[in-house]
Structure formats: C-alpha cells, structure tokens
Amino acid sequence: MELTKPYRRIVLLSIFLVFFLVISLGAAPIRVKVTVDDAKINETRAIGGKTLARVPLNTVLDAETKQGEWYKVTWQGVSGYMHEMLVEEVSESVLAQPEIGPSGVATKTQPTIIAEIQVKMNESRSLIRQEKDYDKAISTLRPLVARIFTVIDNAKQKQLAAEVYLWIGYSYASQGNALSALSEFRNMFEVDYAYAKANIRNIFDTKISSLIQQSENAYKGLVIEYSLEISTVPKEAVIKIDGKEIGLSPEIYSTSSPEIVIEIEKKGYKPIREELFITQTSTRKEYTLERAGRDVVVRSNPAGASVYLDGQDIEKVTNCVLPVVTFGSHKIKLVKENYGDWESDVEIVVGEGHFLVETALTPLNYKYVYKWGGPLRKIFVLPTGVAVDAENNVYVASIGGKKVQKLSPDWKFQTAWGQSGKEFKVLKSPGGIAIDSEGNIYVTDTKNHCVMKFDKTGKYKRRWGVEGTGNTMFNTPMGIAVDSNNDIYVVDYGNNCIKKFSSTGQLKKMWGKRGNQDGDFYLPTGIAVNKNNEVFVTERSRVQKFSSEGEFISSFGEFGSTDGAFKKPMGIYVDKDNFIYIADSENNRIQKFDKNGKFIAKWGSTGTANGQMVYPSGIVVDNRGYVYIVERDNNRLQLFGVSSPPESKSESK
C-alpha cells in the first residue's frame with residue numbers, strides 16, 4: 001500500500017527521532033562503580049597489560065565508551081581501560097541514594113559522607129600542625145581519596161580531593177620527602193587549580209611554599225633551569241649525572257630536570273649513588289667520601305722482592321706502597337731469588353694512615369763470595385772465632401800467628417791496629433771472640449783459662465779468671481757472647497756450665513752441670529745471644545735455649561749428619577732477624593734454623609775448594625746479611641752471601 005504524502009512525512013520524522021534518540025543515548029556518559037578493591041586500569045585493552053593505576057572498591061568512574069569487554073575510564077588524571085568484570089554500570093538515581101547496609105537500611109547520606117571526610121581531614125590537619133606523627137596523618141588522609149570519589153557533587157568532590165592532596169603533600173614535605181610532596185602538590189593542581197591556589201594562600205613555610213611553587217610550574221609546563229653545585233671531601237672525585245661524566249669535584253651542573261641520579265667515584269673510596277630531586281633553583285650538595293681501604297706499605301729485608309696480592313703479581317717490588325687495599329682479609333706474598341717465599345694472611349683494619357707489612361726474608365741459597373787465607377797461606381793459623389762490630393768491622397781470633405786480626409767493612413786488613421798485633425801477644429790460645437756495643441773486644445784464652453778485654457783500638461784493658469772449678473774460675477773457656485746490656489756470657493767447657501759477667505768481670509749468674517737432661521751440658525762449645533737476650537748454647541749434639549737468667553726454654557738437634565742433626569758444633573750466631581746459624585764442625589757444613597729451631601737451609605761439604613770446609617769453628621753475620629766462617633783446619637776465612645758484594649777485598653801478607 002502506498003503511503004500518502006502526509007503519512008510518509010510522519011514516518012520519516014519518526015525514524016529521524018528514533019535515530020536521534022539512539023545517537024543521543026549512545027553519547028551519554030556511562031557511570032561505572034568498581035566492584036573489587038585495588039582494581040586495575042590498564043594502558044591497553046589486554047589482560048596482563050601494563051598497569052597505569054589501581055582503584056579502590058566502590059569508586060565511581062566516568063567511562064567514555066565501552067569497547068568490547070573494556071570500559072575506557074579516567075581516574076585522578078589517568079586514562080586507560082578497565083575490564084567489565086571489575087565494574088558495574090550504575091545510574092544517577094542509584095548514585096543519589098544513600099548507602100545501604102547489610103540489613104537493607106540506609107546508613108549514610110551524601111552529607112554524612114562529606115562530614116566524615118571532613119572530620120578525618122581535621123584530625124590529620126591537627127597532627128600536622130602540631131608537627132608530630134606525620135605518618136599517621138598520611139595513613140588517615142590517603143584512604144580519603146577513594147572515599148571522596150563517592151561524593152556525587154563534582155565541585156565538592158574536587159575541593160575535598162585538592163585539600164587532601166595538599167595535606168598529604170604538606171606531611172611529606174615536613175618529613176623531608178620532597179619527591180613525594182611534589183607529586184601530591186601536583187595532584188592538587190590537577191584536581192582543581194583555582195581551589196588549590198586559594199587553599200595555599202595561608203602556607204607560610206618557605207620550604208613548603210617552594211615545593212608548591214615548583215609543582216605549580218610543573219603543572220603549567222614551565223621550564224626551570226636548576227643550578228647544582230657538587231663538592232666532595234676529598235676533592236677531585238669523578239661526578240656522573242644520569243650516567244654521564246660531567247667532571248671532577250667541585251663542579252657546577254645546570255639542568256632543566258629536577259629529578260637526576262648522581263654518582264660519585266674516587267679511587268680508594270666507596271662509590272656514592274643518590275637519586276636526587278632538586279627543590280631549589282640554586283642548590284649545593286657536599287659529599288664526604290668513605291674510604292674503601294688503606295695504603296699498605298710493604299717492606300722486606302732485603303728489599304727487591306716481587307709482591308703478590310691475593311695471588312696476583314702487582315708488578316711492584318719491596319719496599320713499596322700498595323695504594324688503597326680494601327678493608328678485610330688479604331694474602332700477601334713476597335718472592336725473591338735465593339730467598340724463601342714469604343706469605344701471610346693480612347687483615348687490613350679500618351683506620352687512618354698507612355698499614356705496614358714488614359718482614360725479613362729467609363736466605364736459602366748462600367753462594368761463595370770470597371776467601372782470605374787457606375791451607376798453604378799462613379794469613380790465619382788455626383782460626384777459632386770470628387766477630388763483627390756495629391760498623392761491620394770483622395775480627396778473627398787464631399791460635400797461632402797473629403792472635404786477633406781486623407778487617408774493615410770493605411774487607412781490607414787493618415795492619416796497624418792493636419800496635420800491629422803486639423797488644424794481643426798476651427793471648428796464648430784464643431777460643432772465642434765477641435764485641436760489645438762500645439766496640440770493646442772480649443777473647444777467651446783456653447790455655448790461660450781466662451777472659452781478656454781490649455778496647456776498640458786493640459789496647460789491652462783487663463783479664464779475669466784462673467784455672468779451676470770455682471765460680472770465678474775456668475777450665476778451658478771457649479765460646480763467648482755479649483747481650484744488649486753489655487753483659488758477658490762465657491762457655492766454661494771443662495766445667496760444663498755457663499757463666500755471666502758484667503763488662504768489668506763481676507760474676508752475675510752461672511748455671512749448668514755435667515749431664516744430658518734439660519739445662520745440663522756435656523762439653524758445651526759455642527754461645528750466642530739474640531736481641532731479646534735469650535741465650536743459645538751448642539754442645540756435642542744439640543742446641544739449648546735459655547733466658548738471660550739461665551732458665552731453660554727449649555732445645556733442638558740430635559747426633560748425626562741429617563738435616564737438623566749435629567756432630568760437635570763449635571760456632572753459633574743469631575742474626576738481627578732471629579735466624580740461627582751453626583758451624584756444624586765435624587760435618588763440615590753450616591746449618592740455618594728459624595727462631596724455634598726449625599731447619600731452613602744448609603751449605604758446605606768437606607774439602608779445600610771454594611765453598612767447601614774443613615772443621616768450621618766460628619761463624620758470624622754482619623748487618624748486611626753476609627756470613628763469615630772461619631775454618632780451623634783450612635786456616636782461612638770464607639765469605640758467603642745471597643748477593644754479590646762490592647769489589648774491594650784485600651789480603652794481608
């Protein structure tokens with residue numbers, strides 16, 4: 001049926017009205033209410049996508065459109081997508097109704113909700129103004145943000161939100177958390193700029209006002225140039241801003257971004273990294289650097305040893321400085337040719353100044369250096385003892401020929417010393433020789449049964465002792481030594497005891513008797529005193545150690561030819577590093593021990609060739625580390641060392 005013209009107009013108008021209503025209804029905003037707590041707003045329409053924000057339970061949101069299963073929503077300035085399972089659509093009439101409790105009875109009206117928000121806000125404001133319990137104020141204010149979004153009146157909602165953000169920001173600023181404060185103040189301006197400006201008029205705290213101003217500038221998009229002066233103690237530390245090196249401290253850095261990452265590095269100090277939010281246009285930051293370790297001074301005697309730190313060759317030799325070794329445990333090792341490796345665990349403790357590591361290296365390989373005399377040359381006739389003074393002058397005592405001869409530190413014979421040997425003619429048969437700190441010379445005479453004293457020029461001064469068994473008598477005195485107090489220790493060979501005298505011959509102590517128990521002696525021969533005034537005595541097959549008062553401490557050795565065993569050792573000496581050297585006479589060799597009697601090294605064999613020996617009877621070490629050995633049956637003095645001495649040796653005729 002064909003419609004008449006009027007009817008056609010009515011139908012077209014109806015269709016247009018329906019279309020208009022559909023379009024209008026579709027364009028109307030959708031209100032959704034969050035049905036789960038902490039609901040996610042996603043960046044994209046994808047489950048598991050990036051989360052932009054989380055929204056509290058019962059929050060009402062405006063949704064622009066629904067796209068499939070997703071609502072596009074905006075909350076606190078964040079726009080994104082929320083899944084339909086997290087919300088439900090609500091009408092304006094529902095929003096206008098009061099809250100309904102579980103019993104179905106209305107519990108809270110809009111005025112009640114607003115009043116409760118304001119009560120909580122006033123409580124928090126009171127805490128903040130009293131400058132106490134800022135954390136409690138924040139924890140009270142923060143939930144109000146979600147609560148405010150249940151307020152239907154948009155204007156009131158914005159005012160309440162702006163005020164909450166203001167006081168949360170105020171609390172953070174008062175705690176010194178500028179970054180969080182700036183974020184809250186920025187939220188305040190985002191919610192309601194006009195109300196925020198009105199709200200901050202009564203803020204007079206300059207620090208907080210500055211942060212608010214900075215937040216407002218950020219809200220307006222204004223670019224601010226910040227100047228940051230960075231200094232360190234100590235100076236000249238490397239400064240990096242956002243990973244880029246800008247120079248050495250002190251340094252001034254300009255930036256338009258208030259949020260930066262500062263890194264400070266200096267060798268020997270712990271690095272510093274700080275995420276900094278600049279709150280003033282001109283700011284100064286000073287950092288006190290904390291040391292990461294200490295300089296370690298490594299010294300050895302002798303010097304020239306390669307240094308290893310924690311197993312790594314650091315290509316330095318002693319004496320040297322290892323710059324800034326970190327605090328804690330480290331292993332230091334020293335290696336030098338002809339010396340035993342030295343290794344120790346070292347704890348670098350926190351402290352000021354350098355940390356000292358010092359040690360004496362142990363020579364292992366002694367090489368023949370030079371000799372004076374020999375079987376066919378009568379420079380020495382049956383030499384028995386050798387001594388060295390503080391200046392490295394060498395003195396040799398012999399049974400025949402010239403009784404005492406002196407060599408200078410460069411090994412030249414002093415022919416005019418002791419009136420060319422005339423002063424020493426009082427000696428019949430020297431057994432041992434020793435020098436005190438003043439250069440006086442003490443010699444035992446095995447046939448005169450006494451001790452004779454000469455001054456440093458070789459002039460005869462006195463003697464004490466006669467043959468016998470009494471306290472001040474001797475029976476073939478042999479070894480002799482001097483301690484740091486210039487007291488004299490004498491081995492009374494025939495009486496099997498040790499006697500201690502003052503430098504003028506006054507008896508101070510005596511100990512020992514014939515026997516093989518600790519503290520007894522069987523034909524003792526040599527004696528030496530270390531820097532601690534501990535006394536070492538050799539006898540037929542062992543070495544005993546005593547205090548300066550004769551108290552037995554320990555012993556080592558046995559009869560034989562193995563390492564650490566002896567056959568009638570004669571000479572003994574303890575050097576400045578407490579190493580013990582023994583002339584093992586009938587084994588024709590020298591043995592070296594540590595301070596506890598542990599065997600370290602040996603050298604020598606029977607013969608007349610260089611480095612060989614026949615009945616070594618005396619031994620001494622100078623302060624340069626050179627070892628002097630007299631051989632009674634080879635009529636000579638030999639020199640050994642681990643390094644070559646200067647070429648300045650001569651022999652007497």
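Note that these values count all heavy atoms, side chains included, but never hydrogens, waters or copies made by symmetry.
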Asks: Could you tell me whether the side chain of S502 and the main chain of K508 form a donor-acceptor pair under 3.5 Å?
Replies: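 No; judged by distance alone, with no hydrogens or angles, the pair does not exist.
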Asks: Between N596 and K598, is there a donor-acceptor pair closer than 3.5 Å when you use the side chain of the first and the backbone of the second?
Replies: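 No, because the side chain of N596 does not come within donor-acceptor range (under 3.5 Å) of the backbone of K598.
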Asks: Should V324 and Y269 count as side-chain neighbours, where that means a heavy-atom distance under 4.5 Å?
Replies: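 V324 vs Y269: side chains apart.
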Asks: Keeping the roles fixed (side chain from D389, backbone from N440), state whether a donor-acceptor pair exists under 3.5 Å.
Replies: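 No, the answer is negative, given that no donor and acceptor are paired below the 3.5 Å cut-off.
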Asks: Is K576 atom NZ crowded by more than 12 heavy atoms from other residues, nucleotides or ligands, each under 6.0 Å away?
Replies: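 Yes, NZ of K576 has more than 12 neighbouring heavy atoms, counting only those of other groups under 6.0 Å.
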Asks: Please examine the side chains of E263 and P271, heavy atoms only from C-beta on, and report whether any two atoms are closer than 4.5 Å.
Replies: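 With C-beta onward as the side chain, the pair stays apart.
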Asks: Is D483 reaching over with its side chain to a backbone N or O of N532, donor-acceptor style, under 3.5 angstrom?
Replies: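 Judged by distance alone, no pair lies under 3.5 Å.
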Asks: For the residue pair F380 and F413, categorise the inter-ring angle as parallel (less than 30°), tilted (30 to 60°) or perpendicular (more than 60°).
Replies: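 The rings of F380 and F413 sit tilted, inter-plane angle from 30° to 60°.
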Asks: Just by distance, no angles: are the side chains of N533 and S484 close enough, under 3.5 Å, to form a donor-acceptor pair?
Replies: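 S484 and N533 do have a side-chain donor-acceptor pair below 3.5 Å.
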Asks: Could R636 and E631 be called an ion pair, given the rule that one side-chain N must be under 4.0 Å from one carboxylate O?
Replies: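 Looking at R636 and E631, the cut-off is met.
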Asks: Show your working on ring pair (Phe, Tyr, Trp, His ring centres under 6.0 Å) between Y395 and F424 and close with a plain yes or no.
Replies: CA-CA 12 Å; Y395 303 80; F424 300 103; 8.9 Å; no
Asks: To the nearest 0.5 Å, what is the distance between CD on E467 and OG1 on T446?
Replies: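 Going from the CD atom of E467 to the OG1 atom of T446 covers 11.0 Å.
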Asks: State plainly whether the residues D584 and R589 are in salt-bridge range, i.e. N to O under 4.0 Å.
Replies: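 Salt bridge: yes.
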Asks: If we only count heavy atoms from C-beta on, is the K531 to N578 side-chain gap below 4.5 Å?
Replies: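 Touching, per the 4.5 Å side-chain cut-off.
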Asks: Could you tell me whether the side chain of K378 and the main chain of G401 form a donor-acceptor pair under 3.5 Å?
Replies: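 Side chain of K378 to backbone of G401: no pair is present.
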Asks: When you measure from the side chain of Q405 to the backbone N and O of G421, does any donor-acceptor pair fall under 3.5 Å?
Replies: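 Side chain of Q405 to backbone of G421, a donor-acceptor pair under 3.5 Å: no, none is there.
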Asks: Does N365 use its side chain to pair, donor to acceptor, with the backbone of E337 at less than 3.5 Å?
Replies: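 A pair under 3.5 Å: no.
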Asks: Over all heavy atoms of both residues, which pair between A237 and L289 is shortest? Give the atoms and the distance, please.
Replies: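 Shortest heavy-atom contact: CB-CD1, 3.9 Å.
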Asks: Taking side chain as C-beta onward, heavy atoms only, is V325 less than 4.5 Å from H330?
Replies: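 A side-chain contact exists here, since the closest heavy-atom pair is under 4.5 Å.
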Asks: Are D345 and K331 within salt-bridge range, i.e. N to O under 4.0 Å?
Replies: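 Yes, D345 and K331 are salt-bridged.
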Asks: Where is the tightest heavy-atom contact between P524 and D492, given as atom of each residue plus distance?
Replies: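 Looks like CG-O, 4.4 Å.
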Asks: Can you tell me how far the CZ atom of F521 sits from the CD atom of E539, to the nearest 0.5 Å?
Replies: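 Here the interatomic distance stands at 6.5 Å.
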Asks: Does E358 CD have over 12 foreign heavy atoms under 6.0 Å away?
Replies: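 Enclosed: over 12 neighbouring heavy atoms sit under 6.0 Å from CD of E358.
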Asks: Say whether T469 and N495, considering side chains only, have a donor N or O and an acceptor N or O under 3.5 Å apart.
Replies: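 Looking only at side-chain atoms, N495 and T469 do not form any donor-acceptor pair under 3.5 Å.
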Asks: Could you check whether atom CD of E391 has more than 12 heavy atoms from other residues, nucleotides or ligands sitting under 6.0 Å from it?
Replies: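 No - once you tally the heavy atoms of other residues, nucleotides and ligands closer than 6.0 Å, there are 12 at most.
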Asks: Could you check T318, D577, L334 and say which one makes a side-chain contact (heavy atoms from CB on, under 4.5 Å) with L361?
Replies: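 For L361, the side-chain contact (heavy atoms from CB on, under 4.5 Å) check succeeds only for L334.
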Asks: When you compare the side chain of W342 with that of T362, does any pair of heavy atoms fall below 4.5 Å?
Replies: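 No; the side chains remain at least 4.5 Å from each other.
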Asks: Any idea which heavy atoms bring K568 and S585 closest together, and the distance?
Replies: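 Residues K568 and S585, closest heavy atoms: O-CB, 3.3 Å.
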Asks: What's the spacing between I272 CD1 and E290 CD if we round to 0.5 Å?
Replies: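 Spacing of CD1 (I272) from CD (E290) equals 8.5 Å.
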Asks: Do K513 and D520 have side chains that approach each other closer than 4.5 Å (heavy atoms only, starting at C-beta)?
Replies: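 Touching, per the 4.5 Å side-chain cut-off.
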Asks: Run V346 and F355 through side-chain contact (heavy atoms from CB on, under 4.5 Å) and show every step you take.
Replies: CA-CA 10 Å; V346 177; F355 188 90; 3.4 Å; yes
Asks: Using a 4.5 Å cut-off on heavy atoms from C-beta on, say whether the side chain of V238 contacts that of L248.
Replies: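 Contact flag for L248/V238 side chains = yes.
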Asks: For E347, does the CD atom have more than 12 heavy-atom neighbours from other residues, nucleotides or ligands under 6.0 Å away?
Replies: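 Buried by this count: over 12 neighbours within 6.0 Å.
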Asks: What distance do C320 atom SG and E315 atom CD have between them, rounded to the nearest 0.5 Å?
Replies: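 It comes to 12.0 Å.
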Asks: Are E352 and R291 ion-paired here, with the side-chain N under 4.0 Å from a carboxylate O?
Replies: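 Salt bridge between E352 and R291, a charged N being under 4.0 Å from a carboxylate O: no.
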Asks: Could you check W464, F501, Y493 and say which one makes a ring pair (Phe, Tyr, Trp, His ring centres under 6.0 Å) with F474?
Replies: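 Per the ring pair (Phe, Tyr, Trp, His ring centres under 6.0 Å) rule, the option paired with F474 is F501, out of W464, F501, Y493.
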Asks: Kindly give the heavy-atom pair with the smallest separation between F327 and G293, and that separation in Å.
Replies: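 Looking at all heavy atoms of both residues, the shortest contact is CE1-N, 3.5 Å.
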Asks: Anything under 30° is parallel, anything over 60° is perpendicular, the rest tilted; go ahead and classify F599 against F593.
Replies: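 F599 and F593: perpendicular rings.
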Asks: Would I590 and V627 satisfy side-chain contact (heavy atoms from CB on, under 4.5 Å), going step by step from the backbone distance to the final call?
Replies: CA-CA 10 Å; I590 304 301; V627 182; 5.5 Å; no
Asks: I'd like to know if the side chain of T384 and the backbone of P430 have a donor-acceptor N/O pair within less than 3.5 Å.
Replies: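 Checking the backbone N and O of P430 against the side chain of T384, a donor-acceptor pair under 3.5 Å is found.
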Asks: Drop me the distance from K602's NZ to Q591's CD, to the nearest 0.5 angstrom.
Replies: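 Nearest 0.5 Å value for the NZ-CD distance: 7.5 Å.
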Asks: Which heavy-atom pair separates T538 from M570 by the least distance, and what is that distance?
Replies: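 For T538 versus M570, the nearest heavy atoms are OG1-O, 3.6 Å.
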Asks: Start with the C-alpha gap between R463 and N448, add the side-chain angles, then the distance that decides, and say whether side-chain contact (heavy atoms from CB on, under 4.5 Å) holds.
Replies: CA-CA 10 Å; R463 62 180 281 175; N448 280 326; 4.0 Å; yes
Asks: Looking at every non-hydrogen atom in both residues, tell me the closest pair between L382 and D633 and how far apart they are.
Replies: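 Heavy atoms only, the tightest pair is CD2-OD1, 4.5 Å.
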Asks: Apply side-chain contact (heavy atoms from CB on, under 4.5 Å) to residues S605 and Q612 and explain how you reach the verdict.
Replies: CA-CA 5 Å; S605 60; Q612 293 184 319; 3.5 Å; yes
Asks: I need the E423 CD to T457 OG1 distance, nearest 0.5 Å.
Replies: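 Nearest 0.5 Å value for the CD-OG1 distance: 7.0 Å.
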Asks: Between T525 and V491, is there a side-chain heavy-atom distance shorter than 4.5 Å?
Replies: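 A side-chain contact is absent here, since even the closest heavy-atom pair is not under 4.5 Å.
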Asks: Answer yes or no on whether R540 is positioned over the face of Y522, meaning its NZ or CZ is under 6.0 Å from the six-membered ring centre and within 45° of the axis.
Replies: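 The answer is no; the distance or angle limit is not met.
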Asks: Indicate, with yes or no, if the rings of F454 and W417 have centres closer together than 6.0 Å.
Replies: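 Aromatic pair excluded; centres sit 6.0 Å or further apart.
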Asks: Fit a plane to each ring of F546 and F552, take the angle between them on a 0 to 90° scale, and name the class: parallel (under 30°), tilted (30 to 60°) or perpendicular (over 60°).
Replies: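 Correct class here is perpendicular.
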Asks: With under 30° as parallel and over 60° as perpendicular, where do the rings of W372 and W411 fit, or are they tilted in between?
Replies: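 Correct class here is tilted.
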Asks: Is there a donor-acceptor contact under 3.5 Å from the side chain of N635 to the main chain of G374?
Replies: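 Judged by distance alone, no pair lies under 3.5 Å.
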Asks: Assess whether atom NZ of K461 is packed by more than 12 heavy atoms of other residues, nucleotides or ligands within 6.0 Å.
Replies: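 Count not over threshold, so no.
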Asks: Could you check, using the six-membered ring where one of them is a Trp, whether Y339 and F579 have ring centers closer than 6.0 angstrom?
Replies: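 No: the rings miss the under 6.0 Å criterion.
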Asks: Give a yes or no answer on whether the side chain of K336 reaches the backbone of A303 with a donor-acceptor pair at less than 3.5 Å.
Replies: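 Side chain of K336 to backbone of A303, a donor-acceptor pair under 3.5 Å: yes, one is there.
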